[in-house]
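Reading through the structure tokens given below for one structure.
Convention: sequence-line order gives letters A, B, ...; per-chain numbering from 1.
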Protein chains: 2
Amino acid sequence: MAAFAPQGEEKRLVEALQKAGLRLTPQRLAICRYLVNTDEHPTAQEIHRVLKEDFPSLSLATVYNTLETLVSLGAIHAVGDAGDDRVHYDADITPHINLVCIRCHRIIDVPHEALSHLEEEAAARSGYRILGARLVYYGLCPACQRLESEKEKHGSTSVAA
Amino acid sequence: MAAFAPQGEEKRLVEALQKAGLRLTPQRLAICRYLVNTDEHPTAQEIHRVLKEDFPSLSLATVYNTLETLVSLGAIHAVGDAGDDRVHYDADITPHINLVCIRCHRIIDVPHEALSHLEEEAAARSGYRILGARLVYYGLCPACQRLESEKEKHGSTSVAA
DNA sequence: TTCAAAGTTGGAAACATTATAATCTGTTTT
DNA sequence: AAAACAGATTATAATGTTTCCAACTTTGAA
């Protein structure tokens, strides 16, 4: 979701840190760069694993701290319901849609322009200053719909844990 | 978010279990009832703590199992990015907006009709069968906006972890 | 150069969630 | 009605993520 204008995006994150009066340490810069150069929604652990190749001393705590900082600055989003149970991070804070399959947990991202005016309306009604948005639809992807109807033809429809 | 028509809502969850060929055990029924009778977004632990008063033998595992079952049936939603890092559950799967303050983590729920046609459009484009939706706006609530401008007047703007 | 503040590190601790094995319950089969 | 069986629940152990903490390092200012 995040790799349309990597340089500009990276700048955005870096500027967020600067504006807050925080230091631009190599660790923080590397984390920002990683976030804007991936289309995945990485977890703290993944970021740490990859960046450790360049920064062997990089601590997991630093990764968590930096992500938490970026989230509280509104520069990135924490996405906590991907289906596994880690927190994923998304550097794309423009309005877009996540389609989450309730069965296989796959996620598709869909950019969506129409969200902008909803945003303005919600801001006006609530007095919030809005910094980003995420619309999540839950449902069955085409493949899983097929599997569901298979099951109905046959016997039990159980989905128990 | 969930307490408009508790009886009907409870029926909806129970029917979802039935349709899937699952048993309507007292534990499952109690969990369904709890979910539809609260405006909060409870965690598994909270549900367990409360229901234990009536079902002293109720196991945490059963609560997790039942919630997972309901989620995979599409009857409720798992909300994983409330700011703390537990998974919260929401029995309201109609389109509505969550406004999340990035600073104090408070959440406001706002029903929103305009989401329905976005839903249809997304379904048509992607082939998903959509069962529910959640639009999350991230931003600063009025109180936190005030705090932010205080800080700008004074000295540092730091938000570090 | 010295000092204080900010940042990082590594490891320990906390905690939510999942997996496992045993037990229980209800239903169907004989 | 007894036996067999699948579905559920329970208690507990194991897993793995995230947070916490104290020590150490770096940076910037006096």
Side-chain angles (χ1 to χ4, degrees), chain A residues 14 16-32 41-52 54-73 78-89 105 155-161, chain B residues 14 16-32 41-52 54-73 78-89 105 155-161:
Chain A
V14 170
L17 292 172
Q18 276 181 318
K19 271 193 197 166
L22 301 173
R23 290 185 193 154
L24 303 181
T25 65
Q27 292 90 335
R28 283 177 177 163
L29 291 174
I31 291 167
C32 288
H41 301 221
T43 66
Q45 307 265 357
E46 284 162 10
I47 295 171
H48 179 245
R49 184 167 357 98
V50 173
L51 293 185
K52 224 170 177 343
D54 287 323
F55 293 82
S57 79
L58 180 67
S59 164
L60 193 51
T62 297
V63 177
Y64 276 106
N65 286 340
T66 301
L67 290 171
E68 157 61 20
T69 300
L70 288 169
V71 168
S72 69
L73 290 171
V79 178
D81 43 13
D84 55 8
D85 34 37
R86 292 148 226 186
V87 179
H88 294 249
Y89 294 88
H105 296 163
S156 152
T157 331
S158 172
V159 193
Chain B
V14 170
L17 291 172
Q18 275 181 318
K19 271 193 198 167
L22 301 172
R23 290 188 194 152
L24 302 180
T25 65
Q27 292 89 334
R28 283 176 175 162
L29 292 174
I31 292 167
C32 290
H41 302 222
T43 65
Q45 309 265 355
E46 285 163 9
I47 295 171
H48 179 246
R49 184 167 357 100
V50 173
L51 294 185
K52 224 173 172 358
D54 288 324
F55 293 82
S57 79
L58 180 66
S59 163
L60 193 50
T62 296
V63 177
Y64 275 106
N65 287 340
T66 301
L67 290 170
E68 157 61 18
T69 299
L70 289 169
V71 168
S72 68
L73 289 171
V79 178
D81 42 14
D84 54 9
D85 33 38
R86 293 149 227 188
V87 178
H88 295 249
Y89 294 88
H105 296 162
S156 150
T157 331
S158 171
V159 192

Would you mind reading off the distance between [X] atom [atom1] and [N] atom [atom2], rounded to a whole angstrom?
| X | N | atom1 | atom2 | result |
| --- | --- | --- | --- | --- |
| L24(A) | dG28(D) | CG | P | 10 Å |
| E46(A) | dT17(D) | CD | P | 10 Å |
| Y89(B) | dA16(C) | OH | C1' | 10 Å |
| H48(B) | dA11(D) | NE2 | P | 8 Å |
| Q27(B) | dT10(D) | CD | C1' | 10 Å |
| E68(B) | dA8(D) | CD | C1' | 15 Å |

Below 4.0 angstrom from OP1 or OP2 of [N], is there any side-chain N or O of [X]?
| X | N | value |
| --- | --- | --- |
| Y64(A) | dT19(D) | no |
| T43(A) | dT17(D) | no |
| R23(A) | dG28(D) | no |

When you compare the protein's N or O atoms with those of nucleotides 10-13 of chain C, which come within less than 3.5 Å of each other, and at what distance?
unit_1  : atom_1 : unit_2 : atom_2 : d
dG10(C) : OP2    : S57(A) : O      : 3.0
dG10(C) : N7     : S59(A) : OG     : 3.3

Need one value for T62(B): base, sugar-phosphate or nothing, where a base atom within 4.0 Å counts as base even if backbone is also close, heavy atoms only.
base
Any base atoms under 4.0 Å from Q45(A), or only sugar-phosphate, or nothing? Heavy atoms, all strands.
base
Counting only side-chain heavy atoms from C-beta out, which of dT8(C), dT18(D), dT10(D) sits nearest to N65(A)?
dT8(C)
